[in-house]
Amino acid sequence: MRSPIASTDSWSQARAAATSPRPWPSRSSGRPTVACRSCWPAGARTHRCSTTPTAVSAPRCTCSPPGCTVQARCRRSRPGSGWRSVWPREFPPPSCFREGEHMADPANEVSVSKELKFYDENRVRLSDVETLAELQQDILRASFQRGAVQLESGVEQPYFFEKYLMVARPTILRRIARFLAARIPAGTDRVAAPTLGAVAIGTAVSLESGLPLAIVRSGQGDKRRGRAVEGGLHPGEIVVLIEDVVVTGQRALRAVEELRAAGVEVGLVVSVVDCDRGAAAEFAKAGLDYDPLFRSSVLLPEGVS
Ligand SMILES: O=P(O)(O)OC[C@H]1O[C@H](OP(=O)(O)OP(=O)(O)O)[C@H](O)[C@@H]1O
Ligand SMILES: O=C(O)c1cc(=O)[nH]c(=O)[nH]1
């Protein structure tokens with residue numbers, strides 16, 4: 001049964017867009033690109049999302065732009081994970097799109113004839129570089145806020161990355177975890193994250209990498225029974241610190257001090273965003289390598305620095 005929200009018009013438009021011979025922009029190979037943002041199975045680090053839509057369904061969101069409504073079942077997604085949305089890359093999801101809205105909703109499923117298997121032979125996989133560029137855009141859309149702010153560290157910045165809006169979105173968090181986990185060197189025993197915001201990312205990286213997690217209580221006077229680090233650390237472990245947004249790097253450095261005081265070795269800090277305020281030099285002084293996923297010099301929109 002088709003969703004009652006879809007109008008006949010939008011359904012016809014979606015169908016027409018879906019069946020047109022070249023629905024998405026071509027790459028140099030002349031083949032269309034399909035990018036699914038939602039179906040990397042956890043733990044499959046080398047698996048890139050490559051979906052084969054087998055059916056289309058009517059849009060439930062009436063303000064979706066035409067052509068932006070194709071739904072696909074990911075062949076490799078876990079059984080029962082239902083339907084996933086695939087957005088043509090030139091159209092971001094409309095602002096009213098709620099992630100997961102379409103998933104596992106049999107009422108939204110439409111069976112179609114074989115002619116609509118239009119990607120089968122033509123799909124291509126996105127490279128890591130393309131996936132990272134896409135993640136960059138999604139992070140900007142989800143969490144970048146323009147406007148001067150005085151940060152807790154005293155730094156004045158003309159923008160703010162609201163990290164809680166990054167970690168609140170599973171499709172963003174999953175990709176962040178995948179890329180950060182890929183930065184963890186072999187031989188690492190554990191990942192660690194300071195409270196509060198980085199804990200969600202640390203947990204996701206722990207799930208992705210299979211490494212146990214330590215949580216560093218970063219608030220003043222926040223120790224529980226005198227313990228600043230939770231998670232059952234063993235002295236001598238090699239630990240990578242995960243941070244969300246790094247500005248001065250002071251919070252990460254405090255966390256590293258706590259970890260070292262607990263007897264573990266920390267040689268690397270990874271973060272999602274580095275705001276280019278000199279943290280890298282501070283980390284180097286403390287004997288730490290530093291590997292942010294995005295530097296603000298690359299990430300920020302034009303005109304913001
Ligand atoms: O100048 P820096 O030391 O690099 O600080 C920047 C970090 O501090 C912030 O945490 P916040 O104080 O908002 O704590 P929270 O995670 O508990 O919200 C936030 O996570 C920033 O990433
Ligand atoms: O310095 C911070 O607290 C900070 C900066 C920023 O851009 N984003 C954030 O979540 N915290």
Side-chain angles (χ1 to χ4, degrees), residues 135-170 172-173 175-177 179-180 183 191-206 213-224 227-231 239-261 266-305:
L135 175 59
Q136 174 178 335
Q137 290 309 313
D138 290 344
I139 286 179
L140 273 180
R141 262 200 298 268
S143 71
F144 175 74
Q145 298 173 351
R146 216 180 272 265
V149 279
Q150 174 95 41
L151 302 172
E152 259 187 55
S153 54
V155 171
E156 253 192 47
Q157 217 160 236
Y159 62 85
F160 189 75
F161 281 102
E162 184 44 271
K163 63 194 173 185
Y164 292 108
L165 294 179
M166 288 178 208
V167 303
R169 305 190 67 156
I172 293 181
L173 182 58
R175 280 174 287 165
I176 287 174
F179 280 108
L180 290 185
R183 285 166 150 70
V191 292
T195 55
L196 179 66
V199 171
I201 298 172
T203 306
V205 174
S206 167
L213 173 72
I215 299 173
V216 185
R217 296 175 174 275
S218 58
Q220 296 286 334
D222 201 17
K223 295 186 182 177
R224 179 161 157 262
R227 215 170 36 224
V229 183
E230 302 287 354
V239 176
V240 171
L241 186 81
I242 315 276
E243 181 56 299
D244 40 44
V245 180
V246 167
V247 184
T248 63
Q250 290 309 308
R251 185 177 77 155
L253 284 171
R254 281 198 301 276
V256 169
E257 271 169 31
E258 296 287 7
L259 287 162
R260 286 177 172 167
V266 190
L268 172 66
V269 176
V270 298
S271 71
V272 182
V273 177
D274 178 74
C275 294
D276 289 315
R277 305 275 163 189
E282 295 299 314
F283 291 148
K285 274 190 225 159
L288 293 161
D289 289 335
Y290 179 43
D291 196 1
L293 201 48
F294 299 109
R295 291 180 193 276
S296 62
S297 52
V298 174
L299 187 60
L300 291 176
E302 264 178 45
V304 185
S305 58

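Read the numbers this way: they start at 1 and go in the same order the structure lists the ligands and their atoms.
- If you number the atoms of ligand 1 from 1 as listed, the ones under 4.0 Å from a heavy atom of Gln250 come out as 2 (P), 3 (O), 4 (O).
- Gly202 approaches Ala193 most closely through the heavy-atom pair CA-CB, 4.1 Å.
- Remark: Arg175 engages Asp138 in a salt bridge, criterion side-chain N to carboxylate O under 4.0 Å.
- Only backbone heavy atoms of Thr195 (N, CA, C or O) come within less than 4.0 Å of ligand 1; its side chain stays farther off.
- Salt-bridge formation is detected for the pair Lys285/Glu282: a Lys NZ or Arg NE/NH1/NH2 atom is positioned less than 4.0 Å from an Asp or Glu carboxylate oxygen.
- Considering only non-hydrogen protein atoms, atom 18 (O) of ligand 1 sits nearest to Tyr164 OH, 2.6 Å.
- With salt bridges taken as basic N to acidic carboxylate O contacts below 4.0 Å, one links Arg251 and Asp244.
- The single protein non-hydrogen atom nearest to atom 4 (C) of ligand 2 is Phe160 CE1, 3.5 Å, given as residue, atom name and distance.
- Interface atoms of ligand 1 facing Val245, defined by a heavy-atom separation under 4.0 Å, are 6 (C), 7 (C), 21 (C), 22 (O).
- Minimum heavy-atom separation, Pro194 to Ile242: CD-O, 3.2 Å.
- For Gln145, the CD atom is densely surrounded, since the number of other residues' heavy atoms within 6.0 Å is greater than 12.
- Nearest residue to atom 7 (O) of ligand 2 from Tyr159, Phe144, Phe161 is Phe161 (criterion: closest heavy atom).
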Give the C-alpha distance, both sets of side-chain angles, the deciding distance and a yes or no for side-chain contact (heavy atoms from CB on, under 4.5 Å) between Leu196 and Tyr164.
-> CA-CA 10 Å; Leu196 179 66; Tyr164 292 108; 3.5 Å; yes
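- Against a heavy-atom cut-off of under 4.0 Å, Asp244 is close to the following atoms of ligand 1: 19 (C), 20 (O), 21 (C), 22 (O).
- In terms of protein heavy-atom proximity, atom 14 (O) of ligand 1 is closest to Arg251 NH1, 3.3 Å.
- Ligand 1 has an N or O atom lying under 3.5 Å from an N or O atom of Val247, backbone or side chain.
- For the pair Phe283 and Leu253, the minimum side-chain heavy-atom distance is below 4.5 Å.
- Protein heavy atom nearest atom 1 (O) of ligand 1, with residue, atom name and distance: Thr248 OG1, 2.6 Å.
- Remark: distances from the non-hydrogen atoms of Gly249 to ligand 1 include one below 4.0 Å.
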Evaluation steps, side-chain contact (heavy atoms from CB on, under 4.5 Å), between Phe144 and Leu300 = CA-CA 8 Å; Phe144 175 74; Leu300 291 176; 3.5 Å; yes
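- Proximity of Glu162 to ligand 2 is not established, as no heavy-atom distance is less than 4.0 Å.
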Evaluate side-chain contact (heavy atoms from CB on, under 4.5 Å) for Leu173 paired with Ile201, printing each intermediate quantity in order.
-> CA-CA 7 Å; Leu173 182 58; Ile201 298 172; 4.0 Å; yes
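- Shown in contact with Val246 at under 4.0 Å from a heavy atom are these atoms of ligand 1, numbered in order with element: 4 (O).
- Using a 4.0 Å cut-off to heavy atoms of Leu196, the atoms of ligand 1 that qualify are 15 (P), 16 (O), 17 (O).
- Proximity of Lys163 to ligand 1, defined as any heavy-atom pair under 4.0 Å, is confined to the side chain (atoms from C-beta onward).
- Judged by distance alone, with hydrogens and angles left aside, the side-chain atoms of Gln150 form a donor-acceptor pair with the main-chain N or O of Gly154 at under 3.5 Å.
- Ranking protein heavy atoms by distance to atom 3 (O) of ligand 2, first place goes to Leu151 CD2, 4.5 Å.
- At a heavy-atom cutoff of 4.0 Å, ligand 1 is contacted by no atom of Phe161, backbone or side chain.
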Which is it for Val167 and Ile176 under the side-chain contact (heavy atoms from CB on, under 4.5 Å) test, yes or no, and what are the steps along the way?
-> CA-CA 9 Å; Val167 303; Ile176 287 174; 5.9 Å; no
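- The atoms of ligand 2 that sit less than 4.0 Å from any heavy atom of Val247 are 1 (O), 5 (C).
- Here's the thing with Ala198: none of its N/O atoms is less than 3.5 angstrom from an N/O atom of ligand 1.
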